[in-house]
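Just the heavy atoms: all of them, side chains too, but no hydrogens, waters or symmetry mates, feed the values below.
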Amino acid sequence: MSGELARRHRKVQLVVGLIYLGLPVLTLGVSLATAGLTGAVLPAVLLVLGVLLFPRQRFRPQRWRMTGAIFGAVSAVYLTLVPDNFALVFILLAVLVIWWLGAGVGVALAAYAERTLLVPVDPELAGTPYELAFRLRGLWGTSIVLGTETVSIHTIPRKLRGANPEDLRRTYPFTKVTGVHEVDLTGSERLRFPIPVAAVRTPGPAVILQAAGDDWVLPTNLAPTLTQLLQHRVDGAKSA
């Protein structure tokens, strides 16, 4: 890991740690100081949850924003209500307003950590344990996710009713990947996929991914970097 990537990694983990552990610790400390043991029950539960989730999700950026929203909202409301006894009107106002402000802070922290990690995308990230997700150009709600052992493509249907989650996702072990190629689309190609994806004709760079008998043409402006990331993890899995 280069010096720049190592610096970004440390910054990212510091911010993620603040979300999962820092917010619960702050909430617990204020609660103990102002409300005693009785008021510290919920913050203690939040801290335990953060301790359990942090090792599992610290390298999974897709999880950070949701956790940041929940932890931030709960911490903000609790820190507002615990120190004193407020009137019912103020409590309702706090639940309606402070909840969203706290959620916004948590999401902002997660977005900052994700942006620090992925902007710009460094091919050396392939050698780290991070789960890397990239949205695809011209394919609404469709992303490719590079885990440590698998690659998956999944989409969100425009109409959720009747959608089977199993039909909206394909996951392949890296050992089943038989080809990764960079191509340039003219925009006249008619793209077809193993899952129902709402595709538009989109000229520009793309990645061809061949795995377990399926062929994917994945439009992305990060085609050169994504090709390197995929190939590195594929080679690593096959040589293990």
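To the nearest 0.5 angstrom, L209 atom CG is 8.0 Å from T178 atom OG1. Rounded to the nearest 0.5 angstrom, L21 CG and L28 CG are separated by 12.0 Å. Here the straight-line distance linking atom CZ of F193 with atom OG1 of T142 works out to 7.5 Å at 0.5 Å rounding. To the nearest 0.5 Å, atom CG of residue L229 and atom CG of residue L146 are 6.5 Å apart.
In terms of heavy atoms, F174 sits closest to L230 at CE2-CD2, 4.1 Å. P205 and D184 get closest at one heavy-atom pair: N-OD1, 3.5 Å. The two atoms that bring V107 and A69 nearest to each other are CG2-CB, 3.6 Å, heavy atoms only. Minimum heavy-atom separation, P24 to L47: CB-CA, 3.5 Å. For the residue pair A133 and V145, the shortest heavy atom distance occurs at CB-CG2, 4.0 Å. For P123 against Q228, the heavy-atom pair with the smallest separation is CB-OE1, 3.6 Å.
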List, one per line, each side-chain donor-acceptor pair under 3.5 Å for residues 53-62, sequence neighbours excluded.
unit_1	atom_1	unit_2	atom_2	d
Q57	OE1	Y20	OH	2.6
Q57	OE1	T67	OG1	3.3
R58	NE	Q13	OE1	2.9
R58	NH2	Q13	OE1	3.2
R60	NE	E131	OE2	3.4
Q62	NE2	E131	OE1	3.4

Return all side-chain donor-acceptor pairs below 3.5 angstrom for residues 213-225, not counting sequence neighbours, or 'none' if the list is empty.
unit_1	atom_1	unit_2	atom_2	d
D214	OD2	Y172	OH	2.6
W216	NE1	Y172	OH	3.0
T220	OG1	L222	N	3.0
N221	OD1	R137	NH1	2.9

For residues 109-116, which side-chain N or O atoms pair as donor and acceptor with protein atoms under 3.5 Å away, sequence neighbours left out?
unit_1	atom_1	unit_2	atom_2	d
E114	OE1	R65	NE	3.3
T116	OG1	Y112	O	2.8

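Using a 4.5 Å cut-off on side-chain heavy atoms (C-beta onward), H181 and Q210 make contact. A heavy-atom distance below 4.5 Å is found between the side chains of Y78 and P43. D122 is listed as a side-chain neighbour of R8, based on a closest heavy-atom distance under 4.5 Å.
Checked by atom type and distance alone, the side chain of K238 pairs as donor or acceptor with a backbone atom of V177 at under 3.5 Å. Side-chain N or O atoms of T128 include one that pairs as donor or acceptor with a backbone N or O of L125 at under 3.5 Å. Under a 3.5 Å cut-off, the side chain of R233 and the backbone N or O of A126 do form a donor-acceptor pair. Judged purely by atom type and a 3.5 angstrom limit, R169 has no side-chain atom pairing as donor or acceptor with the backbone of S152.
A donor atom on one side chain and an acceptor atom on the other are found under 3.5 Å apart for S75 and T27.
The same ILVMFWY cluster, assembled from side-chain heavy atoms under 4.5 Å apart, contains both L139 and V183.
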